Amino acid sequence: MIQKPSIPKGTRDFLPAEVVKRNYIFDTIREVFRLYGFQPIETPAMENLSTLMGKYGEEGDKLLFKILNSGDFISKVPEKIIDEKDSGKLTPQISEKGLRYDLTVPFARFVVQYRNDLTFPFRRYQIQPVWRADRPQKGRYREFYQCDVDVIGSDSLLNEAELLQIVDDVFGRLKINTVVKVNNRKILAGIAEIIGEHNRLTDITVAIDKLEKIGLEKVNQELAEKGVAVEAISRLQPILDLSGNTSEKVGQLEAILSTSETGMKGVSEIKTLFEYIERMQLTAQVELDLTLARGLNYYTGAIIEVKTTDMDMGSICGGGRYDDLTGIFGLPGVSGVGVSFGAERIYDVMEQLSLYPQKSAESTRVLFVNFGEKEEAYCLSLLSKLRQAGVNSEIYPESAKMKKQMTYANKKEIPFVVLAGESEMGSGKFTLKNMTSGEQHVVAAEELIKIVIQS
RNA sequence: GUGGAUGUAGUUCAGUUGGUUAGAACGCUGGAUUGUGGUUCCAGAGGUCGCCGGUUCAAGUCCGGUCUUCCACCCCA
């Protein structure tokens with residue numbers, strides 16, 4: 001019985017043309033990362049659940065893909081737990097591994113484990129897939145690639161500034177217009193402190209994160225529903241109303257947050273960061289956005305989010321500073337900062353705006369038409385020479401009909417076809433056909449190589 | 001996880017109040033053209049109508065379930 005072939009929900013196969021385009025994105029990003037002195041690492045697709053659980057908040061734990069233990073995983077589970085039918089209790093009994101949810105937490109684990117082999121500040125990049133058991137949507141998949149750059153073991157805000165420069169550089173090369181939004185968790189903490197709700201930080205940030213989307217009224221409503229005091233909400237209003245350019249906002253914040261040590265620290269960090277990037281002359285516009293919260297709860301300082309201004313799409317890049325991610329793994333006091341580029345969303349943006357360079361679609365440059373055994377043998381040495389000269393070339397593997405071979409070349413968008421039959425063999429030459437113009441000339445091997453390389 | 005929409009040749013889509021052999025365009029294969037692709041003309045192949053069940057004399061069409069894709073919420077790259 002045959003079954004219809006399929007792949008799991010939210011995953012995708014990639015055809016050659018798609019892989020070529022994706023590689024163009026990966027190559028561009030990788031090139032920039034290396035330019036700024038970052039080194040590559042890789043970590044396994046699966047991690048111990050103890051490494052992953054509790055790092056992404058309650059929501060995150062639910063979105064982790066868990067791997068069933070091998071062998072007879074059920075017999076050792078106490079009957080009581082099975083009878084209770086409580087997934088929360090059963091899961092740790094039958095699963096101890098999970099697919100990684102992002103690259104930052106595995107990186108923290110990695111840093112702690114290899115601390116003696118690494119040179120700090122450690123600048124690493126990592127381009128690998130991650131998995132989330134989210135419900136798929138446009139621009140949201142269950143398996144997707146992240147391209148992370150992080151500097152760990154340095155408090156300097158110069159790192160934040162350099163990451164913004166990298167962001168600017170990458171999207172400049174990919175020709176995507178962006179707006180970079182920056183905020184600081186310390187400012188958000190300061191705000192929570194000032195309004196007297198310092199232990200409701202998460203609820204407050206999640207709510208004001210929606211300001212742009214649902215409006216002030218609904219944000220206030222949500223805050224009230226979450227149990228934030230009415231007085232605190234009213235004290236929050238002037239902060240949500242902040243307007244003007246970055247330096248104006250900073251000025252107002254300094255006045256509002258003057259009694260909060262944490263808040264003032266955040267404001268000073270933002271000031272320093274903007275001083276740096278002013279000197280770096282970025283192309284993209286960078287703005288302070290107090291409504292930017294970002295859910296990942298390990299961020300402690302700067303938070304960064306990048307959106308394209310070319311179309312409506314979720315963030316295509318995001319990140320921030322985490323002061324103590326390695327602490328959980330036994331190495332406290334090591335601060336890191338990083339950003340993650342979302343390859344799939346960048347792909348979707350580039351696809352819709354047709355931003356791929358023409359050249360990236362091409363694979364084979366020269367096809368040898370196969371006329372039979374003798375002709376095949378005649379072609380092989382030139383084929384080798386072309387390849388040695390770095391020209392992507394292939395010979396049709398059987399002496400099929402001419403029309404079929406030409407159609408093959410046409411579909412693969414091969415720009416040159418070499419024809420060598422009896423008459424060419426007699427003269428020791430080759431017919432080179434330009435598939436774009438339709439012109440063809442009889443030339444010697446050396447000249448053929450020269451023409452192909454030069455065009 | 002909650003709510004809503006969707007699914008018909010390889011692809012994009014038609015398909016009337018349920019009614020006989022489910023259509024088109026593009027693509028594919030072959031031919032016109034035995035050493036020449038893209039244009040044109042001719043012919044042909046290709047569908048358990050997502051899957052399972054129900055209602056009916058009769059289901060692509062109605063009902064239930066399930067899966068996929070998409071949208072909103074949640075969250076996020």
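Quick caveat, the model's predicted, so the values are computed rather than measured. Quick note: numbers below take in every heavy atom, side chains included, and nothing from hydrogens, waters or symmetry partners. Protein chains get the first letters and strands the later ones, always in sequence-line order, with residue 1 at the start of each.
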For A:Ile316, answer base if it contacts any base atom (sugar-phosphate contacts may also be present), sugar-phosphate if it contacts only those atoms, and nothing otherwise; contact means non-hydrogen atoms under 4.0 Å. sugar-phosphate

For a 4.5 angstrom cut-off between non-hydrogen side-chain atoms, does A:Phe144 reach A:Pro129? no

Does B:G37 have its OP1 or OP2 closer than 4.0 Å to a side-chain nitrogen or oxygen of A:Gln405? no

Identify whether NZ of Lys or CZ of Arg in A:Arg132 sits under 6.0 Å from the centre of the six-membered ring of A:Tyr101 and within 45° of that ring's axis. yes

Within the structure shown, what part of the strands sits under 4.0 Å from A:Glu424 by heavy-atom distance: base, sugar-phosphate, or nothing? base

Do A:Arg200 and A:Asp203 sit within salt-bridge range, that is, some charged N less than 4.0 Å from a carboxylate O? yes

Just to be sure I understand the rule, does A:Gly60 reach a base, reach only the sugar-phosphate, or reach nothing, if contact means heavy atoms closer than 4.0 Å? nothing

Rounding to an integer number of angstrom, what distance separates B:G10 and B:C67 when you compare their P atoms? 25 Å

Can you find a donor-acceptor pair, distance only, under 3.5 Å between A:Arg135 side chain and B:C74 base? no

What's the closest nucleotide to the A:Arg132 side chain, out of B:A32, B:C76, B:C74? B:C76

Can A:Tyr408 be called stacked on B:G37 when the rule is centres closer than 5.5 Å and an angle between planes below 30°? no

Distance between the C1' atoms of B:A77 and B:U11, in whole angstroms? 30 Å

When the P atoms of B:U69 and B:U12 are considered, how many whole Å apart are they? 14 Å

For B:U34 and B:C70, measure between their P atoms and round to the nearest Å. 47 Å

Minimum side-chain heavy-atom gap A:Phe371-A:Glu422 below 4.5 Å: no

Please state the C1' separation for the pair B:C26 and B:U20 - nearest whole angstrom. 30 Å

What nucleotide, of B:C75, B:G37, B:G35, holds the atom closest to the side chain of A:Leu63? B:C75

Please measure how far the C1' atom in B:A9 lies from the corresponding atom in B:A22, and state the result in whole Å. 10 Å

Taking atom C1' in both B:C62 and B:A58, compute the distance separating them and give it to the nearest angstrom. 13 Å

Test of understanding: with side-chain contact (heavy atoms from CB on, under 4.5 Å), list the residues that count as partners of A:Ala284, not counting sequence neighbours. A:Asp168, A:Thr178, A:Val180

Would you mind telling me which of B:U68, B:C74, B:G30 lies closest to the side-chain atoms of A:Lys9? B:U68

For A:Lys210, report the nucleic acid contact type (base, sugar-phosphate, nothing); a contact means any heavy atom under 4.0 Å. sugar-phosphate

Could you tell me whether A:Lys433 contacts a base, only the sugar-phosphate backbone, or nothing, with contacts defined as non-hydrogen atoms closer than 4.0 Å? base

A:Ser423 side-chain proximity, nearest of B:G35, B:U69, B:C73: B:G35

Would you call A:Leu174 and A:Met350 a side-chain contact if the rule is heavy atoms closer than 4.5 Å? yes

Is A:Lys411 touching bases, backbone alone, or none of the nucleic acid, heavy atoms closer than 4.0 Å? sugar-phosphate

The side chain of A:Phe371 is closest to which nucleotide in this list: B:U36, B:G35, B:C75? B:G35

N/O (side chain, A:Lys404) to phosphate O (OP1/OP2, B:G35) under 4.0 Å: no

